[in-house]
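Some notes on the structure that comes next.
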Amino acid sequence: MSDLIFLDSAGSSIPPAPVVDEVVGHLRRETEIGGYRAAAERRDDLAAGYGVLAELFGCEPSEVAFTDSATRSWLAAFDAVPLAEGDRILITEVEYGGNAVPMLRRAQETGATIEVMPSDRHGQVDVEALDLDERVKLISLVHVPTNGGLVNPVGEITAKAREAGALVLLDACQSTGQIDLRAVDYDMLVCTGRKWLRGPRGTGALVVRDEARRRLRPRLIDHSAAEWVAPDRFEPRDDARVFELWEFSVADRLGMIAAARYALAKGLDVIEAEVGDRAARLREGLAAIPGITVRDLGERRSGIVTFTSDVVPAVELKDRLWRENVAVTVSQRGSTLIDMTRRGLDEVVRASPHYFVTPEEVDQALERISRSAR
């Protein structure tokens, strides 16, 4: 679709040419000399990737681990947090279903409890109402939810967590690549490559601060994460790469590194400003369409824009827009069960314009939404 207006970077964005060239070029090289030799040729580039992501996140290269998804990153970090009976895990009202399920299972196994942090009138975490004590071992903090535009106040929450000795696991899968994270404070951060970073699917990263790593107990490790030094003994790595697995797609990892370089070259501040501009333009236009209700919460808002129609169900509206060459998706109740239930919503249309969507294309999308929602 040459005239496609792509408003789904919160799902899986469109990679720029350097990312595609990197991935396809390496796969071609593997067909010429085999996977091992092709990987060996790119050893230095793969090693340099830790520094590239460290620049993206404002951390040390030793605090970066590559994974195959935000889910893998989150599971590896969460599984390493020591938990026992009576320990408390705090979550946001906009917690992802993909995080909630493993937390519920582990709470059942350990006797820990899961508690929902209250939200303020803007829908974000109410920092003043936080109830923290020494039993709080982990705060699972969604930075930007999948079903709306709010941005949670990470710095204020992390400061409170520090006082109580709790770890903060920041889910940044919807903020990496659209929000500058270099000055954000947390203990662990997970991200995906396929969304706002514009990398390949099947890529992700995990940032673990050195101080936090010393408190974790990684269980899912292999022989790249630890050295087998004697028949009955192993020595784990002393950096974040203790969370990596030996096998990975070299082509995809090179693509993610290229995507991070691309974002850094454009400027994280520039990206954040342009994404914010497109999203604000879209929200304002949607609010002016009869029968359309914008569903975004938050005092500070991201590039995710959600809305419903009084006439057309969300899935049908998405399909109508696809026929109009506008790509959006639908967030359903199960993805953010607590928040959607609290607000009485079963599904919302989600649009997520990246910086490559022009203001004129936003206006054209609004015209097509207005026509499709009748």
Side-chain angles (χ1 to χ4, degrees), residues 4-14 93-94 96 119 122-124 142-152 172-179 192 194-198 271-322 324-333 335-336 339-340 343-373:
L4 176 68
I5 300 174
F6 190 81
L7 305 179
D8 195 18
S9 286
S12 186
S13 192
I14 296 175
E93 288 191 332
V94 293
Y96 294 115
S119 298
H122 300 290
Q124 60 210 31
V142 173
H143 195 191
V144 172
T146 190
N147 68 327
L150 76 85
V151 180
N152 266 313
C173 70
Q174 287 291 10
S175 53
T176 301
Q178 68 147 320
I179 294 175
T192 181
R194 66 179 159 90
K195 297 181 183 289
W196 301 92
L197 194 58
R198 304 182 67 193
I271 292 173
E272 185 169 342
E274 293 190 8
V275 170
D277 173 77
R278 307 299 189 271
R281 189 183 190 96
L282 183 59
R283 283 193 194 96
E284 182 179 354
L286 286 168
I289 299 175
I292 293 291
T293 302
V294 177
R295 298 294 183 175
D296 292 332
L297 302 176
E299 191 172 17
R300 177 189 175 193
R301 291 180 173 176
S302 74
I304 295 178
V305 181
T306 55
F307 59 96
T308 56
S309 165
D310 294 345
V311 178
V312 185
V315 173
E316 183 180 343
L317 183 53
K318 176 201 71 172
D319 292 341
R320 289 187 184 186
L321 288 171
W322 181 251
E324 291 269 5
N325 288 349
V326 177
V328 297
T329 192
V330 171
S331 284
Q332 297 178 319
R333 193 165 68 96
S335 64
T336 43
D339 176 62
M340 296 280 271
R343 293 200 277 157
L345 297 170
D346 290 322
E347 56 185 14
V348 294
V349 180
R350 186 184 72 188
S352 44
H354 217 321
Y355 60 79
F356 56 77
V357 178
T358 66
E360 293 73 23
E361 287 178 319
V362 171
D363 294 341
Q364 292 170 23
L366 287 165
E367 292 175 5
R368 299 177 196 183
I369 292 170
S370 179
R371 187 163 58 242
S372 299

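Basis for what follows: all heavy atoms, side chains included, without hydrogens, waters or symmetry-related copies.
For R295 (side chain) and L345 (main-chain N/O), no donor-acceptor pair under 3.5 Å exists by modelled atom type.
At a threshold of 4.5 Å between non-hydrogen side-chain atoms, the residues V94 and Q124 do not count as touching. Side-chain contact between D310 and T293 is present, with heavy atoms from C-beta onward closer than 4.5 Å. Between R300 and L150 there is no side-chain heavy-atom pair separated by less than 4.5 Å. Considering only heavy atoms from C-beta on, L321 stays 4.5 Å or farther from L7 through its side chain.
Not counting sequence neighbours, E367 has no partner by the side-chain hydrogen bond (donor to acceptor under 3.5 Å, both in side chains) test. By the side chain to side chain contact (heavy atoms under 4.5 Å, CB included) test, V315 pairs with D319, V330, Q332, E347, sequence neighbours left out. Applying the ring pair (Phe, Tyr, Trp, His ring centres under 6.0 Å) test to H354 and every residue at least two apart in sequence or in another chain returns W196, F356. For R278, the salt bridge (Lys or Arg N to Asp or Glu O under 4.0 Å) partners are E274, not counting sequence neighbours. For Q364, there are no side-chain hydrogen bond (donor to acceptor under 3.5 Å, both in side chains) partners, not counting sequence neighbours. R368 is linked by a salt bridge (Lys or Arg N to Asp or Glu O under 4.0 Å) to nothing, counting only residues two or more places apart in sequence or in another chain. Applying the side chain to side chain contact (heavy atoms under 4.5 Å, CB included) criterion to E361, with sequence neighbours excluded, gives I5, V357, T358. Applying the side-chain hydrogen bond (donor to acceptor under 3.5 Å, both in side chains) test to E284 and every residue at least two apart in sequence or in another chain returns nothing. In terms of the side chain to side chain contact (heavy atoms under 4.5 Å, CB included) criterion, residue partners of R283 (sequence neighbours excluded) are, by chain and number, A279, V294, D296, R301, V305. Considering only residues two or more places apart in sequence or on other chains, R350 meets the salt bridge (Lys or Arg N to Asp or Glu O under 4.0 Å) condition with D8. Listed by chain and number, the residues in a side-chain hydrogen bond (donor to acceptor under 3.5 Å, both in side chains) with S372 amount to none (sequence neighbours excluded). Looking at residues two or more places apart in sequence or on another chain, you find no salt bridge (Lys or Arg N to Asp or Glu O under 4.0 Å) involving D277.
In summary, of the residues considered (E272, Q178, R198), a side-chain hydrogen bond (donor to acceptor under 3.5 Å, both in side chains) with Y355 occurs for R198 alone.
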